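All of these numbers come straight from a predicted model, not from anything done at the bench.
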Amino acid sequence: GDYVFCWDLNRYINHSFEPNSMLTSMNFEIAIKDIEIGDEITNDYGTLNCPEPFECAKGPYKGRLHVRPDDLITFHQEWDAQLAGAMKFIKEVGQPLDVFLSPEQKQKIDDISSGKIAMPSILENHWYR
């Protein structure tokens, strides 16, 4: 009855209702808070389209005790704001893993950073529309 989220390298990222990284709709994670040496990298599993609700060990937070299938719908505006805020700094902070990004992803990042396009909503990740 237990679930294991094995979403590429996300299997190494633990859940938090106050995460320091988040999946974008552009198929990569971005830090949404400063991550210091030794800090655990966390993500809100509500961004991962879980098929059924489940209680998290790290909760409750602001009344949230469960990760739910509709979390992307419920929290996308809050999460979009966090992602947009972090994206402002993507060109100012070294990105050693950008070698793994596709040319299309890099172009989209450039277009967002320059203001040519808006940051796409995390809601685009929702599978159960």
Applying side-chain contact (heavy atoms from CB on, under 4.5 Å), run through Ser25 and Ile122 and close with a yes or a no. CA-CA 5 Å; Ser25 61; Ile122 194 171; 5.6 Å; no
Sub-3.5 Å donor-acceptor pair from the side chain of [X] to the main-chain atoms of [Y], do we have one?
X	Y	answer
Asp111	Lys116	no
His76	Leu123	no
Asn49	Asn125	yes
Thr42	Asn20	yes

Do you know which two heavy atoms are closest between Ala31 and Ala86, and how far apart they sit?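 What the structure gives for the nearest pair is O-CB, 3.2 Å.
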May I ask you to test the [X]-[Y] pair for a side-chain heavy-atom distance under 4.5 Å?
X	Y	value
Ile112	Lys88	no
Val67	Glu55	no
Pro120	Lys108	yes

Would you call the rings of Phe75 and Trp79 parallel, tilted or perpendicular if under 30° counts as parallel and over 60° as perpendicular?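 Aromatic pair Phe75/Trp79 classed tilted.
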Return yes if a side-chain donor-acceptor contact under 3.5 Å exists between Thr47 and Asn43, otherwise no.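 Yes, a side-chain donor-acceptor pair sits under 3.5 Å.
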Taking a hydrophobic cluster as the set of Ile, Leu, Val, Met, Phe, Trp and Tyr residues connected by side-chain heavy atoms closer than 4.5 Å, whether directly or through intermediates, do Ile109 and Ile117 fall within one such cluster?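 Yes, same cluster.
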Begin from the C-alpha positions of Ser121 and Asp80 and carry the test side-chain hydrogen bond (donor to acceptor under 3.5 Å, both in side chains) through to its verdict. CA-CA 6 Å; Ser121 175; Asp80 283 346; 2.7 Å; yes
Begin from the C-alpha positions of Asp71 and Tyr45 and carry the test side-chain contact (heavy atoms from CB on, under 4.5 Å) through to its verdict. CA-CA 9 Å; Asp71 280 350; Tyr45 287 174; over 6 Å; no
Under 3.5 Å, sequence neighbours excluded: what are the donor-acceptor pairs made by side chains of residues 94-103?
unit_1	atom_1	unit_2	atom_2	d
Gln95	NE2	Ile90	O	3.4
Gln95	NE2	Val93	O	3.1
Ser102	OG	Glu104	N	3.4
Ser102	OG	Glu104	OE1	3.3
Ser102	OG	Gln105	N	3.0
Ser102	OG	Gln105	OE1	3.4

Measuring from Met22:CE to Gln82:CD, what's the distance to the nearest 0.5 Å?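 Interatomic distance, Met22 CE to Gln82 CD, rounded to 0.5 Å: 4.5 Å.
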Determine, stepwise, if the pair Met119 / Met26 fulfils side-chain contact (heavy atoms from CB on, under 4.5 Å). CA-CA 9 Å; Met119 177 78 184; Met26 297 177 287; 3.7 Å; yes
Are there over 12 heavy-atom neighbours, none belonging to Ile30, within less than 6.0 Å of that residue's CD1?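 Result for CD1/Ile30: enclosed.
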